[in-house]
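Heads up: the structure comes next, in structure tokens.
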Amino acid sequence: MDAVDALNETAFWLERELADSFKVQAFRRAAGIIAGLSQEELSARVRDGRLKRTKGIGSRTLEVISQSLGGTVPGYLEDLRRRGAEPLVDGGHKLDAKLRGDLHSHSNWSDGGSPIEAMAAAARILGREYLALTDHSPSLKIANGLNAERLMEQLTVVDEINNEQQSGFQLLAGIEVDILEDGQLDQSAEMLSQLDVVVASVHSKLRSDKRAMTRRMLAAIEDPHTNVLGHCTGRLVTGSRGTRPPSEFDAEKVFASCAEHSVAVEINSRPERQDPPEKLIQLALDAGCLFSIDSDAHAPGQLDFLQYGAERADANGVPADRIVTTWPVDRLLEWLQSKQ
Ligand SMILES: [Zn+2]
Ligand SMILES: [Zn+2]
């Protein structure tokens, strides 16, 4: 087994089971340290003890590296894989198995914790066919949103990663674009048209009155670039950031517009969001909307949050075919491209 892959995968499974981040980072750091070394050089350094004396390499990371070089899956990783095969939730397993990818994730280019490469690697470990990288837009300063220049730079990184991938996985270029107060999207049309996926979300003035919020959301849904309406109510139901009630808008109008403009309503899988609430999932179903089950992952281990979203979609009777993330990637891309 490739030692760098083994270290990254170990970090991924630790993160998924919510291990301390210093422990997770130790494996990622070790992966970074040995990344540039050839197999021969690495073996030589293990044999003569140089690797053991290298700063950032501890006994556990050394063990994982040595066992990988020996051609086996490291025992520590094997245990983690076994635990990782256990589901996170009780229901929705069949639907979860049908999910092929994820249209909402963040890297350390905005407020995520890991490099783009680590997010892509984790998506591959989970057997995903694609992952959309959707870092924040400029007005979300607190999340280090990307201006057009940084987004252009990110596109070249996405291209490089796709060129290095074995077939069977694609990193889609995207954005989680802020819906500004007047309903405009927080990035130029020219820039948005270069992306594969546009998730549009409200992040500010969540307590606006119903009419203003409805108008704001409708304008964003009507924008020809919008593919997915992200976490539509903005509510927080649990977690370290505290709770927040859902924002108020005319859900029938908003979902009718989503259906008309072929904008998928996101089922945001984050445990603290669980957005939309059940009642709104039902309304969106009745309105004929498409859905996208997304992780909104800010770290590799969180990509597996899709299980939570699948459980909620299943419990609310959302048919798999109405969920764009169950579609074969060709069909998904055709749908995405039909917008621009
Ligand atoms: Zn968001
Ligand atoms: Zn997000």
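Indexing begins at 1, ligand by ligand and atom by atom, following the structure's order. Just so you know, these numbers come straight off a predicted model, no measurement behind them.
- Angle subtended at the Zn ion (ligand 2) by H106 NE2 and D296 OD1: 90°, rounded to 10 degrees.
- The Zn ion (ligand 1) lies at the vertex of an angle of 90° between the OE2 atom of E176 and the NE2 atom of H203 (rounded to 10°).
- Ring orientation note: the planes of H231 and H104 are tilted relative to one another, at an angle of 30° to 60°.
- For the residue pair W13 and E9, a side-chain donor N or O sits within less than 3.5 Å of a side-chain acceptor on the partner.
- One of the N, O or S atoms belonging to H104 lies under 2.8 Å away from the Zn ion (ligand 2).
- Here the shortest heavy-atom pairing between S114 and P300 reads OG-CD, 3.2 Å.
- Note on ring orientation: taking the six-membered ring where Trp is involved, the planes of H298 and H136 are tilted (angle from 30° to 60°).
- Backbone or side-chain N, O or S atoms of H136 do not reach the Zn ion (ligand 1) at under 2.8 Å.
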